[in-house]
Amino acid sequence: MAFLEVKSISKHFGGLMAVDQVSFKIEKGEIISIIGPNGAGKTTIFNMLTGVYSIDAGEIDFEGKPIHNRSPQEVVSSGISRTFQNIRLFSNMRVIENVLVGTHIDTHYSFLDVLLRTKKYKKYEAENTVKAVEILRSIGLGDRIHDYADSLSYGAQRKLEIARAIATNAKVLLLDEPAAGMNPQESEELLQFIRTLRDGGYTIILIEHDMSVVMNISDRIYVIDHGKKIAEGLPDEVANNPRVIAAYLGGEKKYAENS
Amino acid sequence: MKNILSQMLLPQFHKFYIAAIILTLIFLPLLGLSQYVLRIMIMIGIYAMLAMGLNMLTGYTGQVSLGHAAFYAIGAYVSALLATTLQLNFFIAMLAGVVVAAISSLLLALTTLRLTGTYLSIATLGYGEIIRMILLNWEPVTNGPLGVRNIPRPSFLGYELTLANNGIYYLMLVLLGIISLLCYLIINSKIGRAFIAIKEDELAAQFMGIKTTGYKVLAFVISASIAGAAGSFYAHMIRYIDPNTFTFDTSILMLSIVILGGMGTFRGMYVGAAILIAFPEALRFLAAYRFVVYGLILVLMMRFRPQGLLGWRSSNPYRLSKQVSEMLAQEGNREITLKPFEGKEEAVKG
Ligand SMILES: Nc1ncnc2c1ncn2[C@@H]1O[C@H](COP(=O)(O)OP(=O)(O)O)[C@@H](O)[C@H]1O
Ligand SMILES: [Mg+2]
């Protein structure tokens with residue numbers, strides 16, 4: 001059985017089939033990518049994986065246990081954490097505080113510990129703060145810990161979201177278009193960082209609409225169009241798949257109309 | 001010049017400023033202030049407590065309550081009734097007032113769990129009116145519109161605290177100090193961070209594993225308990241209460257202080273209370289238009305300075321404890337490889 005297995009999940013909004021019987025799986029320590037044009041249903045898949053939406057049909061198993069139709073808190077405590085396509089940081093908090101919020105889940109002191117400033121409280125606060133700084137250093141934000149989150153550049157904010165997700169003790173990271181809005185150099189750096197995460201043992205699912213971004217990093221690619229999975233396989237196979245090329249040409253046209 | 005100013009505001013001097021302000025507050029009554037002035041200062045203290053409490057809910061957690069006078073009333077009535085009928089000591093009566101305010105806020109919070117934003121505000125507004133109606137109409141217990149009279153003064157170790165002997169003033173300072181300390185401890189912990197995260201982005205907070213509903217209820221209860229304590233102190237200070245003290249206007253006044261001072265700050269609560277309580281006294285001729293003025297302040301603040309008068313961001317670095325600084329220094333700049341969490345080693349084997 002795979003580490004994380006998504007079996008034929010579906011979601012509709014009124015008459016729109018946003019996600020239609022999509023399946024995929026990922027083994028521990030892999031990077032897979034879900035690609036497809038805007039509006040294909042990629043973010044909806046993440047929302048189903050993380051408990052934002054219930055699923056209409058299908059099953060999601062993580063480490064052999066079903067995790068669909070759980071609350072976001074239950075999903076994150078099982079070890080799956082995510083970032084957002086539209087950055088959702090705690091913008092009036094400092095960089096380090098954002099990451100400290102991420103450590104909330106593994107901070108087990110009581111209200112009384114807070115009021116009495118017990119050893120337990122101090123131990124957790126100290127350890128979590130060190131952990132937060134370590135994560136920030138390794139992601140390249142070590143010199144920004146005191147700054148407020150919204151004073152960071154766009155690229156740095158995306159990194160901070162990843163840092164915050166890591167702080168929840170995640171084993172699986174779901175990254176929704178992490179390179180969006182970055183220049184090619186930033187985006188290359190980010191992908192390099194994602195590789196080191198994978199080498200450290202993290203399991204990563206990337207969402208991307210630009211196929212070229214994830215070509216070199218993915219163990220496997222799944223292509224979604226109009227809610228349906230239209231292709232899967234190694235990056236090379238997918239890139240040369242006629243259905244994918246057709247979807248992407250259609251997709252590009254949609255872009256043009258949108259913008 | 002500007003250099004000197006910014007030098008003076010450095011964080012290492014904050015302790016001295018705070019100490020100076022506290023010392024001034026302690027020695028102020030010894031200047032022989034009139035009872036009138038002393039009473040205004042005590043009212044400022046009470047409203048600072050109320051604002052402190054509401055700030056936990058509205059300023060930090062982002063849940064707007066328009067009915068907080070209800071908890072102020074519950075604290076005042078429970079404490080006053082217990083003290084007049086059972087001759088309970090002030091501190092015990094106050095504790096009872098706080099507990100009842102907390103329980104009633106728990107009931108309100110649990111029944112409005114699913115409400116957010118404007119709907120929640122309207123529910124709290126309704127709750128405030130219900131409590132006032134109960135106070136007005138449950139005559140056998142609350143004495144209805146006549147209110148509760150002859151509430152005993154607080155006494156401490158057999159020593160009666162009055163305005164004349166400054167005892168009430170110092171009791172106010174002590175209570176305000178305790179409430180400020182409690183709020184400080186709560187805010188600087190995972191609880192406070194959870195509150196702020198909920199205000200900033202509730203969905204993202206859920207993805208951090210924060211049980212947002214539970215924390216919102218907690219913020220409600222903390223906030224109401226503080227209002228209950230302030231109510232109890234008010235009742236024993238003023239010695240006569242009736243339902244007219246605890247109207248919608250009072251709830252709005254509390255909210256105005258929080259917004260004027262700066263939501264999510266401590267300094268803002270003291271300064272906001274001082275301004276909004278002292279001004280109407282100074283401008284008596286405006287008394288009839290008080291609420292026009294409050295309304296105007298709210299609108300103008302929302303338009304031009306939504307963060308409040310004192311709601312600036314600290315430009316000081318985040319405070320790392322000594323322990324943390326040492327741990328980080330030891331680590332130096334060594335390369336860190338992030339590894340996924342594999343579960344803690346069992347602490348207790350067996
Ligand atoms: N909460 C929702 N209510 C209604 N329609 C939605 C909702 N969320 C997503 N959709 C629709 O589902 C489709 C897929 O959206 P999404 O998953 O965001 O696409 P992608 O992330 O691939 O760009 C879009 O047509 C979108 O409008
Ligand atoms: Mg999307």
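Naming convention: chains lettered A, B, ... in sequence-line order (proteins, then strands); numbering from 1 in each chain. All figures in this text were calculated on a predicted structure; none of them were measured in a lab.
Interface remark: A/Ser77 contributes no atoms to any contact with chain B (heavy atom separation under 4.5 Å). With a 4.5 Å cut-off on non-hydrogen atoms, A/Arg82 touches chain B through its side chain but not through its backbone. Heavy-atom distances place the side chain of A/Ile166, and not its backbone, under 4.5 Å from chain B. Within the 4.5 angstrom heavy-atom criterion, only side-chain atoms of B/Leu320, from C-beta onward, approach chain A. The parts of A/Tyr109 that come within reach of chain B are both its backbone and its side chain, each placing non-hydrogen atoms under 4.5 angstrom from that chain. Within the 4.5 angstrom heavy-atom criterion, only side-chain atoms of A/Arg117, from C-beta onward, approach chain B. When heavy atoms are compared at a cutoff of 4.5 Å, B/Gln323 approaches chain A solely by way of its side chain, counted from C-beta outward. Both the backbone and the side chain of A/Ala126 come within contact range of chain B, judged by heavy atoms closer than 4.5 Å. Residue B/Ile187: no heavy atom, backbone or side chain, is found under 4.5 Å from chain A.
Interface summary for chain B: among A/Leu115, A/Asn128, A/Asp147, the most heavy-atom pairs under 4.5 angstrom belong to A/Leu115. With chain B as partner, the option from A/Thr168, A/Ile96, A/Leu89 having the largest number of non-hydrogen pairs under 4.5 angstrom is A/Ile96. By number of non-hydrogen pairs under 4.5 angstrom with chain A, the leading residue of B/Asp201, B/Leu181, B/Val324 is B/Asp201. No other option in B/Leu182, B/Thr212, B/Leu185 has as many heavy-atom pairs under 4.5 Å with chain A as B/Leu185. The most heavy-atom pairs under 4.5 Å with chain B, out of A/Leu116, A/Thr107, A/Asp113, A/Ile139, come from A/Thr107. Per-residue heavy-atom pair counts under 4.5 Å with chain A were compared for B/Ser314, B/Gly264, B/Gly192, B/Ser325, and the maximum is reached by B/Ser314. Contact count versus chain B (heavy atoms, under 4.5 Å) is highest, among A/Ile135, A/Ile105, A/Val114, A/Leu173, for A/Val114. The greatest number of non-hydrogen atom pairs below 4.5 Å with chain B, out of A/Ser81, A/Ala170, A/Pro72, is found for A/Pro72.
Salt bridge status for B/Arg193 with A/Glu97: absent, with no side-chain N to carboxylate O gap under 4.0 Å. Salt bridge A/Glu127/A/Lys123: present, at least one basic N to carboxylate O contact under 4.0 Å. Using a 4.0 Å cut-off between charged nitrogen and carboxylate oxygen, B/Lys216 and B/Glu202 count as a salt-bridge pair.
The CD1 atom of A/Ile194 sits 5.0 Å away from the CG atom of A/Leu175 when rounded to the nearest 0.5 Å.
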Working for salt bridge (Lys or Arg N to Asp or Glu O under 4.0 Å), residues A/Arg137 and A/Asp143: CA-CA 8 Å; A/Arg137 277 185 186 166; A/Asp143 53 349; over 6 Å; no

Step-by-step side-chain contact (heavy atoms from CB on, under 4.5 Å) determination, A/Arg88 to B/Phe207: CA-CA 11 Å; A/Arg88 303 186 75 137; B/Phe207 282 105; over 6 Å; no

Can you list the steps and then say if A/Glu161 with A/Arg164 is a salt bridge (Lys or Arg N to Asp or Glu O under 4.0 Å)? CA-CA 5 Å; A/Glu161 263 208 335; A/Arg164 191 178 68 171; 3.6 Å; yes

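Applying the 6.0 Å contact sphere to NZ of A/Lys25 captures no more than 12 heavy atoms from other residues, nucleotides or ligands. The environment of A/Tyr154 atom OH is dense: over 12 non-hydrogen atoms of other residues, nucleotides or ligands sit within 6.0 angstrom.
Of the options B/Arg313, B/Lys199, B/Gln307, a side-chain hydrogen bond (donor to acceptor under 3.5 Å, both in side chains) to A/Asn92 is made by B/Arg313 and by none of the others.
Ring planes of B/Phe220 and B/His68: tilted class, angle from 30 to 60°.
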